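Worksheet for the structure shown next.
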There are 2 protein chains.
Amino acid sequence: MTAEKYQKPTDAELEILQILWANGPSSVRFVNDQLNLHREVGYTTSLKLMQIMVDKKLAIRNTDSRTHIYAANVNESDTQGKLLEKFLDRTFRGSATQLVLQALGNHKTSPKELAAIKALIEKMETTGD
Amino acid sequence: MTAEKYQKPTDAELEILQILWANGPSSVRFVNDQLNLHREVGYTTSLKLMQIMVDKKLAIRNTDSRTHIYAANVNESDTQGKLLEKFLDRTFRGSATQLVLQALGNHKTSPKELAAIKALIEKMETTGD
DNA sequence: AATTATATACGAAATCATTCGTAAATGCAA
DNA sequence: TTGCATTTACGAATGATTTCGTATATAATT
């Protein structure tokens, strides 16, 4: 299996993308250590996943040195947007409003964050028309 | 496999829950017809899924008549909340704010909905302290 | 140089979700 | 009653994702 078209990351792949997004280009060892902060994952498991991600073009790697360095090859907010789209349809029948109400209702959001969201809404209210 | 502890619905199960939530207690035939409005699913596939859902306690069924009647056994907004929680962690590293900004940013939300969200935020701003 | 540690490659096992074929039971209609 | 349609039960095939064992290569250490 080589050269695939654009594919959405699976859960395990997304977990790795998060690490690459947060930390920049990284070795398998580093990514595996990060994963193991939360749950147990074997080294070769992480390696395999990251190789698959390269195959899917979700990541790229630099093989100059013996320790290959992997980097995300997809944009964080684009990816989030696509996943959100699907989640929204599946879980909230497409109602962004319902989702937002749930998200704000269930989580204690700081005043500062609330203000930021309100600001965005107000901007949308004037611009959107 | 009988009597399981609380489990999250899979994608296919969630699709069926949506139908049960929207339409109330239903037969397999009805659910299968609804699913087939969108995509092709065999009758026994739907049946099997719904049986699994009973096993997982996601649904209950009434077997009085030959045609069993299935009903959701989990609450819609509770379920949405749990799924949201997981999605939020996986995709937005737990930042509800980021998710909300994406959700509002990407989808054209009507002025009425924006107003509703703003109202909620304002209520939270006064209550929350 | 020999040993040990660390890396990649690869295939295949394990797990989980989805799909369906087939058999058996039940009700309905001719 | 006989046959046809509809239903449930069950097991197993399929497919996708995740996990890991083993082989091999490369570098570092003694």
Side-chain angles (χ1 to χ4, degrees), chain A residues 1-19 25-36 38-71 83 86-87 90-91, chain B residues 1-19 25-36 38-71 83 86-87 90-91:
Chain A
M1 188 206 285
T2 309
E4 297 293 325
K5 49 193 299 205
Y6 205 84
Q7 284 188 249
K8 268 201 267 312
T10 64
D11 281 356
E13 289 164 358
L14 182 59
E15 223 174 334
I16 291 173
L17 279 176
Q18 298 285 9
I19 293 168
S26 312
S27 65
V28 175
R29 173 65 54 200
F30 177 80
V31 168
N32 184 249
D33 286 348
Q34 291 293 308
L35 289 175
N36 275 279
H38 299 291
R39 60 191 186 88
E40 229 173 84
V41 203
Y43 178 85
T44 55
T45 300
S46 301
L47 170 65
K48 179 67 160 189
L49 281 170
M50 292 169 79
Q51 288 171 340
I52 290 171
M53 289 169 73
V54 169
D55 203 62
K56 289 188 181 175
K57 317 273 192 213
L58 293 174
I60 50 180
R61 69 173 168 180
N62 182 315
T63 60
D64 289 352
S65 53
R66 182 163 91 102
T67 301
H68 297 354
I69 299 298
Y70 291 73
L83 293 173
K86 188 186 163 185
F87 179 74
R90 282 202 173 285
T91 309
Chain B
M1 190 206 287
T2 309
E4 296 294 327
K5 46 192 298 202
Y6 206 84
Q7 283 191 251
K8 270 203 265 314
T10 64
D11 281 357
E13 289 163 357
L14 183 59
E15 222 173 337
I16 290 173
L17 280 176
Q18 298 284 9
I19 293 168
S26 312
S27 66
V28 174
R29 173 64 56 198
F30 176 80
V31 168
N32 183 247
D33 286 349
Q34 291 294 308
L35 289 175
N36 275 278
H38 300 290
R39 61 193 188 87
E40 230 174 83
V41 202
Y43 178 83
T44 54
T45 300
S46 301
L47 170 63
K48 180 66 162 190
L49 281 170
M50 291 168 80
Q51 288 171 340
I52 290 171
M53 289 168 74
V54 169
D55 203 61
K56 287 188 184 177
K57 316 277 193 208
L58 293 173
I60 50 179
R61 71 175 167 180
N62 181 316
T63 61
D64 288 353
S65 54
R66 185 163 90 101
T67 302
H68 297 353
I69 300 299
Y70 291 74
L83 293 172
K86 188 187 163 182
F87 179 74
R90 279 200 175 289
T91 310

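Quick caveat: nothing in here was measured; it's all calculated off a predicted structure. Every chain is numbered from 1 and lettered A, B, ... according to where its sequence line falls, protein lines coming before strand lines.
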How many Å lie between [atom1] on [X] and [atom2] on [N], as a whole number?
X     : N      : atom1 : atom2 : result
B/N32 : C/dT19 : CG    : P     : 11 Å
B/D55 : D/dT8  : CG    : C1'   : 15 Å
A/H68 : C/dT6  : NE2   : C1'   : 13 Å
B/N36 : C/dC20 : CG    : C1'   : 14 Å
B/D64 : C/dG27 : CG    : P     : 12 Å
A/D11 : C/dT15 : CG    : P     : 19 Å
A/I52 : C/dT8  : CD1   : C1'   : 14 Å
A/R29 : C/dA5  : CZ    : P     : 13 Å

Donor-acceptor check, side chain of [X] to backbone of [Y], threshold 3.5 angstrom: yes or no?
X     : Y     : result
B/Q18 : A/R90 : yes
A/N36 : A/V41 : yes
A/N32 : A/V28 : no

Identify the two heavy atoms, one from [X] and one from [Y], that lie closest to each other, and give their separation to 0.1 Å.
X     : Y     : value
A/L58 : A/Q7  : CD2-O, 3.4 Å
A/L49 : A/I16 : CB-CD1, 3.7 Å
B/T91 : A/L14 : OG1-CD2, 3.6 Å

Worksheet item: Within the structure, does a side-chain N or O atom of B/S27 lie under 4.0 Å from either OP1 or OP2 of D/dT7?
Response: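 For D/dT7, OP1/OP2 do not have a side-chain N/O of B/S27 under 4.0 Å.
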Fill in: Phosphate OP1/OP2 of D/dA9: any B/R61 side-chain N/O under 4.0 Å
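Yes, B/R61 has a side-chain N/O under 4.0 Å of OP1/OP2 on D/dA9.
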Item to complete: Give, for atom CE of A/M50 and atom OG of A/S27, the distance between the pair rounded to the nearest 0.5 Å.
Response: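 If I round to the nearest 0.5 Å, the distance is 7.0 Å.
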Item to complete: Rounded to the nearest 0.5 Å, what's the gap from CZ on B/F30 to OG1 on B/T67? Could you check?
Response: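 B/F30 CZ to B/T67 OG1: 14.0 Å, rounded to 0.5 Å.
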Item to complete: Before accepting this row, confirm whether a basic side-chain N of the pair A/K8/A/E13 lies closer than 4.0 Å to the acidic partner's carboxylate O.
Response: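 No salt bridge links A/K8 with A/E13.
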Worksheet item: Near DNA chain C, under 4.0 Å by heavy atom, which residues of residues 41-51 of chain A?
Response: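 Under 4.0 Å from DNA chain C: A/Y43, A/T44, A/L47, A/K48, A/Q51.
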Fill in: Nucleotide-resolved protein contact map, nucleotides 24-30 of chain D, B/S/- at heavy-atom distance under 4.0 Å
-BBS---
